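None of these values were measured; they are calculated from a predicted model. Below, chain A is the first sequence line, B the second, and so on; all start at residue 1.
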There are 2 protein chains.
Amino acid sequence: MATVDDVAKAAGVSISTVSYALSGKRSISHGTRERVLKAAAELDYLPRASARMLAANRSQIIAVTAPLHADTDHSVHMQFAMEVTKEARALDYDTLLLVHDDPMEAMRRSAGTALADGIIVLDVDAHDARADLARRLDYPVVFVGIPADTTGLMCVDLDFEAAARMAVDRLVDAGHRGIGLISHPRVTMDRESNFPLRFLSSFEDRCREHGIDFAVAYPDEHSATRAVSELLAALPHLTGLVLNTGSDVAADSLPALLAHGFTVPHDVSVIAAAAAYTTHHLGVPIDRIPLDAHASCAAAVDLLVAAIDRGERGARTVLLPPEYQDFGSVRTPAG
Amino acid sequence: MATVDDVAKAAGVSISTVSYALSGKRSISHGTRERVLKAAAELDYLPRASARMLAANRSQIIAVTAPLHADTDHSVHMQFAMEVTKEARALDYDTLLLVHDDPMEAMRRSAGTALADGIIVLDVDAHDARADLARRLDYPVVFVGIPADTTGLMCVDLDFEAAARMAVDRLVDAGHRGIGLISHPRVTMDRESNFPLRFLSSFEDRCREHGIDFAVAYPDEHSATRAVSELLAALPHLTGLVLNTGSDVAADSLPALLAHGFTVPHDVSVIAAAAAYTTHHLGVPIDRIPLDAHASCAAAVDLLVAAIDRGERGARTVLLPPEYQDFGSVRTPAG
DNA sequence: CTGTTAGCGCCTTCAT
DNA sequence: ATGAAGGCGCTAACAG
């Protein structure tokens, strides 16, 4: 394990010259820099992370809290963790996974030991205890998701309210007057996972504004069968369906409709809203308002790094505008 | 941010006493220890990670390489990453996610900067470049998965060969003489992801040993339709089906069989082998030989920590024995 | 443009 | 059972 001293000796300069030549934090004559770089390369020199952390008072590490609930969609979870990691690396940060029983303890530890320079919080509930902790911590924290009380917090998320309005408007514009929503399973709602709630209430409000009939169903996990039956019972003239749910339930909803004799888009128009999954392999391609993990996570990490590197810690909430992808699954209702 | 000095002053002792009282690495009189602990608690003292790393020459961090291929099942990936993280925490290690374009560079960096004390390698290909790197690195590395050449490496994995034999034997014992295998998509095989290959060749060998007919199909991603048709075409008297594939293809295989008029287990007996997913919500419960992420990852982390903490670095390959879960999807063939 | 040097906070050996 | 003190390797003033 080579150290700065080794490199300094090999290059015939002082250790501070080595440090500066490598960090570029002050100007070095071309010749010396070359010699230093060459010596470093020959010795396979890499600065010891611990020493650098201690001296610079910075770890270049970002922690990620991603609690695992029983109803967590691992696939979406992973996408977000990955996207955080990618963007972090692009900004010269590594990513520490904080995933165990007690996220509070983990956050406190990461701040208290200065193991990480900041935290990204995923999978936010409306009344998430991590929000209060973040307010108390005096430590950079960015939420991917919006808790009920955002006072003093930095948050980034898809604008789920706008996405819900977009979906409803699209169906109403096409002439639909009876719209169903398949939301998330009851367990998810009960824990007040916040984006389903935001989507739901915006959906309901928009339907009322348009004066149309609507119904909401909470599916079982992995299956849309019961939810579809409930919607059709509640709304016999249903011709539009909005899916704001997991990928397996969404995939299952087409067969479920078929079982009732309904074909998409002939009998029912369908939109997958705030979908982290793709919809073109679903037999019938379904219109989609993407939940873009990359966009959310990149924005969140950018915010966090700005807070760390440039002290930009003002509270703010960034809502990413939804985008509509048309694959032909919305049509004017027959008759 | 309190430091050892603060605690030492508050407790009226020297800093080394604080250090020892907290680490327990030498005996301290009960009274002083109490005072130190109390002072530390009152000051919210937590040792600075960087300083501890530098002095102790250990980071208490484990890195995880988990490359993301286009055909990667994120859900399984996440399970493994999570299980690694859990076990690591139990042994007082944190987990760093190394997930970007260049896993080599990431591994070199984590070793060269001593950011992590060791590495867990996930999603191993038969000719994985990370294996060669690990041999050269003189740094603790444990593979969850078995590369073609395990010389000098520490590896842990489910015994896929044994799992394949177990599945075949079960069907043969029940009287089946025509058995199909749905393996993984071609992209996965082409990259020589190793566990599908190990399963496949063991499956074929065992069928030959029993002298029965068999056929293998490589499904499309997300769909079993074509694969099932191919198997039935190749093996008209097929009565047994082994699934060693992703959860979505597995779920799709039952409807695909039904489309050909085959009912499970009446017409065809089915076993999901080396399945990371559960099978009881699949309409018909399917017998299962689990791919237990927890078992594999816990064993791998234990091995890695033994290598780090106790220098136990001898090469070895640990194969975890498969276990059969009977849900009634295997029956003696009719006729 | 380059060198010297004082820490960063903790662990650990050596005294006592 | 406790204290004193020397690093660990690097960064960033502070001097030229």
Side-chain angles (χ1 to χ4, degrees), chain A residues 1-37 39-40 43-61 92 109-117 308-309, chain B residues 1-37 39-40 43-61 92 109-117 308-309:
Chain A
M1 295 247 109
T3 73
V4 260
D5 303 85
D6 300 328
V7 178
K9 263 169 216 140
V13 297
S14 75
I15 65 165
S16 73
T17 299
V18 173
S19 176
Y20 287 121
L22 262 32
S23 73
K25 287 193 182 172
R26 83 179 180 194
S27 41
I28 297 281
S29 75
H30 187 71
T32 358
R33 141 165 301 139
E34 290 302 301
R35 266 185 299 134
V36 171
L37 260 39
L43 293 170
D44 269 325
Y45 171 74
L46 287 178
R48 201 67 46 95
S50 54
R52 189 208 272 279
M53 282 189 211
L54 181 59
N57 192 29
R58 183 150 301 175
S59 67
Q60 298 295 125
I61 292 176
D92 200 28
R109 199 167 51 83
S110 115
T113 64
L115 214 203
D117 294 329
I308 297 168
D309 288 352
Chain B
M1 294 248 107
T3 73
V4 259
D5 303 86
D6 300 328
V7 178
K9 264 170 216 141
V13 298
S14 75
I15 66 167
S16 75
T17 300
V18 173
S19 177
Y20 286 121
L22 262 33
S23 73
K25 287 191 183 174
R26 82 178 182 192
S27 42
I28 298 281
S29 74
H30 186 71
T32 18
R33 141 164 300 139
E34 289 304 300
R35 268 184 298 133
V36 170
L37 261 38
L43 293 171
D44 269 322
Y45 170 76
L46 286 179
R48 201 68 45 95
S50 53
R52 189 210 274 279
M53 281 188 213
L54 182 59
N57 193 29
R58 182 149 301 178
S59 67
Q60 298 295 128
I61 292 176
D92 201 26
R109 198 168 53 83
S110 118
T113 64
L115 214 203
D117 295 329
I308 297 169
D309 288 352

Whole-Å gap separating [atom2] ([N]) and [atom1] ([X]):
X        : N      : atom1 : atom2 : result
A:Leu46  : D:dC10 : CG    : C1'   : 14 Å
B:Asp5   : C:dC8  : CG    : P     : 9 Å
A:Leu115 : C:dC8  : CG    : P     : 20 Å
B:Arg52  : C:dC11 : CZ    : P     : 5 Å
A:Ile15  : C:dT5  : CD1   : P     : 11 Å
A:Arg58  : D:dC10 : CZ    : P     : 19 Å
B:Arg48  : C:dG7  : CZ    : P     : 17 Å
B:Asp6   : C:dG9  : CG    : P     : 9 Å

Go nucleotide by nucleotide along DNA chain D from the 5' end; which of B:Ala55 and B:Ser14 gets its closest nucleotide reached first?
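Looking at the nearest nucleotide for each, B:Ser14 comes out on the 5' side.
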Restricting to non-hydrogen atoms, name the atom on [X] and the atom on [Y] that form the minimum distance, rounded to 0.1 Å.
X       : Y       : result
B:Ala2  : B:Leu43 : CB-O, 3.7 Å
B:Val13 : B:Val36 : CG2-CG2, 4.0 Å
B:Pro47 : B:Arg52 : CG-NH2, 3.0 Å
B:Gly24 : B:Arg33 : CA-NH2, 4.1 Å

Less than 4.5 Å apart, any side-chain heavy atom of B:Ser16 and any of B:Arg26?
yes
Does the side chain of B:Met53 come within less than 4.5 Å of A:Leu115's, by heavy atoms?
yes
Within residues 26-35 of chain B, residues whose heavy atoms come under 4.0 Å of DNA chain D:
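Within this stretch, B:Arg26, B:Ser27, B:Ile28, B:Ser29, B:Thr32 sit under 4.0 Å of the strand.
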Ignoring backbone atoms, test whether B:Thr17 places a side-chain nitrogen or oxygen under 4.0 Å from the OP1 or OP2 oxygen of D:dG3.
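Yes, such a contact exists.
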Confirm from the modelled atom types if A:Tyr20 and D:dA12 form a donor-acceptor pair under 3.5 Å, side chain to base only.
yes
Donor-acceptor pair under 3.5 Å: do we get one between A:Ser16's side chain and the base of C:dT4?
yes
Looking only at side-chain atoms of B:Ala51, point me to the closest of C:dC10, D:dG3, D:dT11.
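Closest of the options to the side chain of B:Ala51: C:dC10.
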Of the candidate nucleotides D:dG3, D:dC10, C:dC10, which contains the atom at the shortest distance from the side chain of A:Pro47?
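Minimum distance to the A:Pro47 side chain belongs to D:dC10.
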Nearest-0.5 Å distance, CD1 of residue A:Ile28 to CG of residue A:Leu22
10.0 Å
Tell me which of B:Lys25 and A:Leu54 sits closer to the 5' end of DNA chain C, going by the nucleotide each one is nearest to.
A:Leu54
